[in-house]
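Notes for the one structure printed next.
It should be emphasised that the depicted structure is a prediction, and the values quoted were computed from it without experimental measurement. What you see below is based on every heavy atom in this structure, not just the backbone, and it leaves out hydrogens, waters and symmetry mates.
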Amino acid sequence: MNSPLPPRYAVYAGSFDPVTLGHVDIIERGARIFHHVYVGIGINPDKQTLFSVEERLDLIAQSISDHANVTVKAFEGLTVNFAAQHDAVVMLRGVRTLSDMEAEFTMSLANRALAPDIETMFLMASEKYSHISSSLIKQIARMGAEPNIERLRKFVPEPVIAPLLEKFGQSVPKS
Ligand code: ADP
């Protein structure tokens with residue numbers, strides 16, 4: 001008889017600027033598969049972001065507050081190192097389109113060369129979230145709260161809405 005598999009940990013890394021319902025869907029699905037999911041906010045000093053690292057940490061934590069086996073952290077450097085630090089055997093990625101897949105495929109090969117023991121696993125985006133990206137969310141928020149608030153509610157977790165509109169000098173309209 002083989003001995004049982006040890007606990008399996010995964011990392012899910014990205015910019016999350018800001019976190020969307022598509023990201024939350026991948027985190028929740030990952031948390032059903034793995035014993036623990038470490039969500040990693042990659043700090044890239046060359047990339048300008050709308051939200052600070054602290055704000056992004058806080059928004060993800062608020063959006064997934066009822067998941068005991070998910071931890072959110074920020075990290076600098078390579079994702080494979082972040083994975084190794086947490087004994088993760090898998091780097092989780094979400095794919096929306098074939099063009100996502102092309103870039104992901106190259107990245108997964110590079111990561112395999114760096115860390116052959118850590119696998120990249122892809123989860124297909126859920127149909128209802130497959131067109132959502134953080135950049136689309138920012139474009140919608142920039143256009144104003146009044147006509148777009150219901151659209152935003154379909155795309156981002158509730159805790160993200162007010163801080164997102166605030167970044168563009170808007171506030172949540174009173175209903
Ligand atoms: P990055 O800077 O790595 O592209 P993102 O925050 O945009 O960071 O995305 C992190 C991960 O989440 C990537 O694997 C990306 O493909 C995936 N992802 C982004 N949006 C969605 C979505 N709507 N549904 C499923 N996966 C998504």
Side-chain angles (χ1 to χ4, degrees), residues 7-45 47-77 79 82-83 85-88 90-96 100 121-175:
R8 301 262 142 181
Y9 306 139
V11 298
Y12 176 46
S15 313
F16 307 108
D17 185 40
V19 64
T20 69
L21 288 175
H23 293 132
V24 171
D25 182 55
I26 298 289
I27 295 169
E28 288 178 344
R29 287 160 61 194
R32 286 201 292 270
I33 302 171
F34 295 98
H35 290 90
H36 205 99
V37 175
Y38 293 92
V39 179
I41 303 178
I43 301 173
N44 180 353
K47 203 166 162 182
Q48 248 206 318
T49 55
L50 182 65
F51 289 93
S52 70
V53 174
E54 291 71 28
E55 287 170 328
R56 284 178 278 158
L57 273 168
D58 191 43
L59 291 179
I60 301 177
Q62 284 185 57
S63 304
I64 52 149
S65 51
D66 50 354
H67 289 275
N69 64 334
V70 177
T71 305
V72 192
K73 290 188 164 186
F75 71 97
E76 271 179 277
T79 306
F82 176 66
Q85 277 161 17
H86 293 91
D87 294 325
V90 162
M91 288 181 293
L92 211 50
R93 302 291 291 170
V95 284
R96 290 158 291 187
D100 261 4
M121 275 180 59
F122 301 105
L123 290 183
M124 290 292 299
S126 300
E127 207 182 328
K128 59 183 171 177
Y129 303 132
S130 64
H131 57 294
I132 303 177
S133 64
S134 298
S135 17
L136 173 73
I137 303 300
K138 286 179 269 198
Q139 279 173 31
I140 297 174
R142 187 174 286 124
M143 289 186 304
E146 200 63 69
N148 293 309
I149 188 83
E150 289 314 319
R151 242 173 256 166
L152 283 178
R153 287 206 164 98
K154 286 193 197 129
F155 297 166
V156 294
E158 193 61 36
V160 174
I161 294 191
L164 174 63
L165 290 172
E166 226 167 86
K167 290 279 177 191
F168 296 102
Q170 316 264 341
S171 55
V172 178
K174 290 196 175 49
S175 49

Do His35 side-chain atoms and Tyr9 backbone N/O form a donor-acceptor pair below 3.5 Å? no
Tell me whether the rings of Phe75 and Phe82 are parallel (<30°), tilted (30 to 60°) or perpendicular (>60°). parallel
Would you give the length of the straight line joining atom CG of Leu50 to atom CZ of Arg142, rounded to the nearest 0.5 angstrom? 8.0 Å
If every non-hydrogen atom of Met91 is compared with every non-hydrogen atom of Ala83, which pair is closest and at what distance? CG-CB, 4.3 Å
Does a side-chain heavy-atom distance below 4.5 Å link Ile149 with Leu165? yes
Has the side chain of Asn148 got a donor or acceptor atom that lies under 3.5 Å from a matching backbone atom of Ala141? no
Has Arg151 got more than 12 heavy atoms of other residues, nucleotides or ligands less than 6.0 Å from its CZ? no
Any side-chain to backbone donor/acceptor pair from Ser126 onto Tyr129? Under 3.5 Å, distance only. no
Please report the closest heavy-atom contact between Ala74 and Ile43, naming both atoms and the distance. CB-CD1, 3.9 Å
Of all heavy-atom pairs between Ala68 and His36, which one has the smallest distance, and what is that distance? O-CE1, 4.0 Å
Does the ring center of Tyr38 lie less than 6.0 Å from the ring center of His86? yes
Should Leu123 and Asp25 count as side-chain neighbours, where that means a heavy-atom distance under 4.5 Å? no
So which heavy atom on Gln62 is nearest to which on Ser65, and how close? O-OG, 3.7 Å
Is the closest side-chain heavy-atom distance between Val39 and Phe16 below 4.5 Å? yes
Report yes or no: does Ser134 contribute a side-chain atom to a donor-acceptor pair with the main-chain N or O of Pro18 at less than 3.5 Å? yes
Determine whether His131 and Phe155 make a side-chain contact, defined as any pair of heavy atoms from C-beta on separated by less than 4.5 Å. yes
Is there a side-chain contact between Asn69 and Phe34, using heavy atoms and a 4.5 Å cut-off? no
Between Val11 and Ala88, which heavy-atom pair has the shortest distance, and what is it? CG1-CB, 3.8 Å
Yes or no on side-chain contact (heavy atoms from CB on, under 4.5 Å) for Lys73 and Gln85, after CA distance, side-chain angles and deciding distance? CA-CA 12 Å; Lys73 290 188 164 186; Gln85 277 161 17; over 6 Å; no
Is a donor on one side and an acceptor on the other found under 3.5 Å between the side chain of Thr20 and the backbone of His23? yes
Are His67 and Ile27 side-chain neighbours, meaning at least one heavy-atom pair lies under 4.5 Å? no
Do Arg96 and Ser133 have side-chain heavy atoms sitting under 4.5 Å apart? yes
Heavy-atom distance under 4.5 Å between the side chains of Pro157 and Leu21, does that happen here? yes
Stepwise side-chain contact (heavy atoms from CB on, under 4.5 Å) test for Leu164 and Leu59: CA-CA 10 Å; Leu164 174 63; Leu59 291 179; over 6 Å; no
Please give me the minimum heavy-atom distance between Ser63 and Val19, naming the atom from each residue. OG-CG1, 3.9 Å
Would you say the side-chain atoms of Asp17 pair up with the backbone N or O of Arg56, donor to acceptor, closer than 3.5 Å? no
Should the pair Asp100-Arg93 be classified as a salt bridge under the 4.0 Å nitrogen-to-oxygen rule? no
Is Lys128 atom NZ crowded by more than 12 heavy atoms from other residues, nucleotides or ligands, each under 6.0 Å away? no
